[in-house]
Amino acid sequence: MPAPKICPRLKATGICHEQSCPNRHDVKICVPCGVVCTTESAYRAHLRGKKHRSRTGSGRRIFHCSLCTKNVPEYQWEEHTFNQRHVGHAVKRGISPDIQPEEAVLSAQERLCAVCDRIIQHSSWNAHVNGNSHRKMKTFIAFRSAFEEAERNKHGMVVSDEDGIDLGIIDPVHAENGMVTVITVRNTIPSSRIRISELRLGSQSSNGRSFFSASAETADIRFGRDFRIDISFKQQYLGRYEDRLEIVFEDLSLNSSFVIVRPLSAIVGNKEDHENLKPRAPYQPRKRGSRDPETSVIAGPPPPATKTVKWVTRLLPFDIPKNIASILLEGDPPAETAGNLQLTILPPHLNVNTYARHFQTLLWVEEFRMQHDLELYDIADAHLRRHGPFYHLEVPGLAENRPSVVVGDRILVKRHGWTKGHWYEGHVHFVRLLEVGLKFHESFPGHTDNMKYHIRFKLNRLPLRRQHEALSSAFAPNRLLFPKSRDVVRSVPTTTAELRDWIYNPLIARNAEQLQAVASIVQLPPSHAPFVVFGPPGTGKTVTIVEAIRQLIRTNPGHHIVACAPSNSAADLIASRLSVLGNAQLFRLYAPSRNKKQVPDNLLPFTHTTRSDEGVPIFGVPPLAVLRRYKVVVVTCVSAPVLHGVGLPRGHFTHVFIDEAGQATEPESMASIKLLSDNTTNVILSGDPMQLGPIIRSPVARILKFDLSYLERLMNMPLYNDRSWRGKTVVKLINNFRSHPEVLKFPNDQFYKGELRSCGDKRVVDSYVGWSHLPNKRFPIIFHAVSGEDQREASSPSFFNISEVTQVKKYVQALRDDRKFRITNNDIGIITPYQAQCGRIRKALQDFEGIKVGSVEEFQGQERRVIIISTVRSSKEYIEYDIKHTLGFVASPRRFNVAVTRAQALLIIIGDPSVISLDPLWRTFLNRLYNNKAWKGDPPTWDPKAKVRLNGGYDQQVVEETMNDMNDFTKAMTRLTLGDLIPQLEEDDDVAANDDRPWQEAE
């Protein structure tokens, strides 16, 4: 099915009423409502609907919600019934949230703001009409009206291309040479005397940069003859370019002026890329529907993988307590909800006695949000395909972990037409790229492939329950949770001389900081405070802890060590580097649900497998007597409690190591510590609090600092951030073995006080110095400015930018075609913050197998000779949202730090500088690149030598400038349209007040 067409006017300006647009849309767009209809019949139905009638002022009504005891505008009713607070009220009363609205009349204390479509209390009215939100909406409505008026042919003058001038997609070679198109003007009134007095571009009024130009002869436009205006476009760089042409006419007979406007647009790019990668369906935000209750659920048979481990301890359910759920169900703003939790649930102080209560509460808050987010993935009209005892379900987004599904998860299924509340539970028995295999109870009714089902995903609570189990453990020593100086044995020597000759890795023997870290860990007496290996990017922290583990085993055969990490990939890296121990000493524990194909082949000899009843090999745990003999067990943090659950006694492990500890929540770290340690066990953490922290979904939990890892909390204590304790509680690694000095310099200065030293192999880190595509041949960094267009499709909220995809492909092609600077696909990594962009880039690079494309999270701990970063965002429409919600790289210093420190020899960044420069950190970085002549594409729109405001505010500045431009345009169009009436209107106090009040507020 071909992609829907959208008229150039809509694409260029965002303004198009179907009634006044002669272009025959395949997609009908109702701008007042923001609704996209894919068929003519759907569009006509929308025009008859309540939402359109209320938006356009016809049939406007106010509804009353008896559940929430509040009035709601008619067009907001459907959205209100999906609101979390409304649903919470329904849950409390045990009724469906899908209630019928009641007719309501505004009370004497309420007024309806027709501009914003909001009900406002009388006491708040003045604040509302003088506020930013009302001011912006009023300005936009005025601008939209002025633009629509300016686009119309008038006074007998007919300008061609009423939809605007869209040059389409132009090949960069042709665009660099310049393109010319023509529009015509015709005078349809025989007696009039009209001429064009001025041709100007909208960008000129805002001191912007335009790649369009317009020219015409200065002559009278005579009746019946076409008058030609030449529109030129010239630009060598990829991207989307827009402007507006303002044609100012002078009526010589009436001595007055008027204007007709045409939007201009062009895309410089690759037609094939734009055709292959464009959205296949218009973006429609995913909405929560009214949820059917789960009054009767028939359980299905669990997969064999869930029965392989023999437990000796019982794991409690740890359901969310009703008092916490009640506060969260209120649906108050996050800051208000966090305040309520602090007043009623959370202890006033964090100490040993309140530790479990504090973090269990935060864990429940996060779980509540996880469940809430999972509802977005409900499927209303799914099909099942039967294959033997299994039912195959296709899950959109499964390959992107949207949602994440593993073997053993539960999915509820309800056929259309079944009794309300009656569900079948299907356990996931296998997961493939795009589908999962479910197995139901034998009573599951007859089935055909054309039947439709409701699908509901259920949260896998097992990792959360394990964390609760650890937190509720009575073992909570001060020395591990809140260490003091008394927990550090100062008299213990931390010399390295005796150890140097025994070091397995010769590189560590020559590195003072790594050697010190190993010596300190080996010499720690039992019951010591936690020890931290602070490892900035490329300094070899994982290598260091692997060496420390080997030395502990060498120096004391009685040592038993559990090495943990937040992810399987990080745990696999530790296990691979410890594989020299042999499978008699090293065991890699995997969850039974893990697929054998996901495990590196070299680690399979270090695992334990059993066979299911069907003969399928499944990962498991060896008998306890065998398990106790291993010197080192490697496991993820949340799976570490399995060792406790199968009966391994507390204190069996003399040391608990957690690598990449900064990425784990505190309960995840405690899952590795509190169930496996005793009063003598030592804990060693390695990581970098300046790199990625835990991923927290709940804004309430983030406000309550749940994204502060155990590692970072310790590093904020004097015992760890005071230099006098180095070697006793912490060692900071400072030799960077990864990056070229210029690649390392900026993050080093910003995040590590300039302490890092570039010590990488010169043959690697200097391998792209002098590359022909470098603007500065001695500076192996490129920033390539691309002003593209970020897009979304269907129900995916993820963004992609085709112009940036094309530019990424051009750089990859240049790297692979170069015969002087040779590189393999495996040496190239591409980082981008959006899954949709990852997918587009992979599709564009399908001929370059081996190039890793992923998010910054997927690249943590990794490196490539060449790193290309695509920042994606190019629409100022989303600027304020980005700054507030730290999407992508914008306003996320840690993601920035990880992204720019993955490159060994060459770093290429592709992005829209006008957007990413709104963040002070990015602006500082871009200034450095521009001033070092490392810039390609259009130059910055700001002064790159000006001092950067570290407190930001650049996003608000852009918003104000945009509003000023809209205001100036509106006034100019009004004057040219109303002509001689302007003086009279300016004397009208009401008109003057309505026109000027918002801008006085801005001043």
Side-chain angles (χ1 to χ4, degrees), residues 38 42 77-84 86-88 90-91 94-100 281 284-303 329 368-387 389-432 434-461 794-797:
T38 55
W77 176 257
E78 183 181 6
E79 180 181 351
H80 170 77
T81 59
F82 295 142
N83 179 275
Q84 188 173 331
H86 175 89
V87 173
V91 170
I95 63 175
S96 169
D98 189 19
I99 65 171
Q100 292 299 311
Q284 294 266 31
R286 190 189 296 264
K287 289 187 177 182
R288 291 178 175 84
S290 177
R291 304 197 93 211
D292 193 38
E294 299 168 13
T295 53
S296 170
V297 179
I298 299 177
L329 281 169
F368 182 87
R369 181 56 187 237
M370 292 167 71
Q371 290 177 337
H372 183 71
D373 288 352
L374 200 58
E375 293 176 12
L376 288 173
Y377 298 103
D378 288 0
I379 306 174
D381 299 304
H383 292 276
L384 298 176
R385 292 181 296 108
R386 185 169 184 176
H387 294 271
F390 299 108
Y391 291 82
H392 292 208
L393 169 68
E394 185 176 333
V395 181
L398 184 63
E400 301 176 356
N401 284 330
R402 295 170 181 256
S404 174
V405 181
V406 299
V407 171
D409 280 1
R410 298 179 303 125
I411 295 178
L412 300 189
V413 173
K414 177 178 178 291
R415 188 195 297 171
H416 287 196
W418 276 356
T419 305
K420 187 175 182 179
H422 183 70
W423 297 81
Y424 272 83
E425 175 192 81
H427 282 272
V428 176
H429 282 243
F430 57 82
V431 179
R432 294 176 179 164
L434 298 174
E435 64 181 11
V436 299
L438 305 175
K439 201 170 184 180
F440 298 105
H441 187 269
E442 58 187 12
S443 65
F444 190 73
H447 163 81
T448 61
D449 287 350
N450 61 355
M451 288 178 176
K452 291 185 177 181
Y453 296 85
H454 296 288
I455 302 297
R456 182 174 297 175
F457 297 92
K458 303 300 289 184
L459 183 66
N460 181 355
R461 299 190 66 250
S795 61
S796 170

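Here, residue 1 is the first one in the sequence, and each next residue gets the next number.
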**Item:** Atom of P303, atom of V428 and distance for their closest heavy-atom approach
**Value:** CG-O, 3.5 Å

**Message:** I'd like to check M451 versus H383 (side-chain heavy atoms, cut-off strictly below 4.5 Å). Are they in contact?
**Reply:** no

**Request:** Could you tell me which non-hydrogen atom of P445 sits nearest to which non-hydrogen atom of W418, and how far apart they are?
**Result:** CG-CZ2, 3.4 Å

**Request:** Using modelled atom types only, decide if a donor and an acceptor are shared between the side chain of W423 and the backbone of P293 within a distance under 3.5 Å.
**Result:** yes

**Asked** Can you name the nearest heavy-atom pair linking P97 to H86, along with the distance?
**Response** O-NE2, 2.7 Å

**Request:** Would you check if the side chain of H429 reaches a backbone N or O of F390 as a donor-acceptor pair within less than 3.5 Å?
**Result:** no

**Asked** Atom CE of M370 and atom CG of N460: how far apart are they, to the nearest 0.5 Å?
**Response** 8.5 Å

**Request:** Examine the side chains of R385 and H387 and answer whether a donor and an acceptor come within less than 3.5 Å of each other.
**Result:** yes

**Message:** Can you tell me how far apart CG (L393) and CZ (R432) are? Round to the nearest 0.5 Å.
**Reply:** 12.5 Å

**Prompt:** Less than 4.5 Å apart, any side-chain heavy atom of R456 and any of E294?
**Reply:** yes

**Request:** Flag the pair I411 / Y391 as yes when at least one side-chain heavy-atom distance between them is below 4.5 Å, and no otherwise.
**Result:** no

**Message:** Consider side chain to side chain contact (heavy atoms under 4.5 Å, CB included). Of D378, L374, D409, which one does P403 pass it with?
**Reply:** L374

**Contact summary for L438 and G426, nearest pair of heavy atoms** = CD2-O, 3.9 Å

**Message:** I'd like to check V395 versus Y377 (side-chain heavy atoms, cut-off strictly below 4.5 Å). Are they in contact?
**Reply:** no

**Item:** pair H416-D381: side-chain heavy atoms closer than 4.5 Å
**Value:** yes

**Prompt:** Which value, rounded to the nearest 0.5 Å, describes the distance between T448 atom OG1 and L384 atom CG?
**Reply:** 10.0 Å

**Request:** Locate the shortest heavy-atom distance separating T419 from K414; write the atom from each residue and the value.
**Result:** O-CE, 3.4 Å

**Prompt:** Side chains of H454 and L412: closer than 4.5 Å at any heavy-atom pair?
**Reply:** no

**Gap separating the CD1 atom of I455 from the CD atom of E394, nearest 0.5 angstrom** = 12.0 Å

**From R386 atom CZ to F440 atom CZ, the distance as rounded to the nearest 0.5 Å** = 10.5 Å

**Prompt:** Nearest heavy-atom pair of E425 and V297: which atoms, and what distance?
**Reply:** CB-CG1, 3.8 Å

**Message:** Under the criterion side chain to side chain contact (heavy atoms under 4.5 Å, CB included), I'd like the reasoning laid out for D292 against H422: C-alpha separation, chi angles, the key distance, then a yes or no.
**Reply:** CA-CA 9 Å; D292 193 38; H422 183 70; over 6 Å; no

**Item:** Ring centers of F444, Y424 separated by less than 6.0 Å
**Value:** yes

**Asked** Mind checking what makes ring-ring contact (aromatic ring centres under 6.0 Å, His included) contact with H427, not counting sequence neighbours?
**Response** none

**Asked** Hey, what's the ring geometry for H372 with F368, parallel, tilted or perpendicular (30° and 60° as the breaks)?
**Response** parallel

**Asked** Measuring from I379:CD1 to K452:NZ, what's the distance to the nearest 0.5 Å?
**Response** 13.0 Å

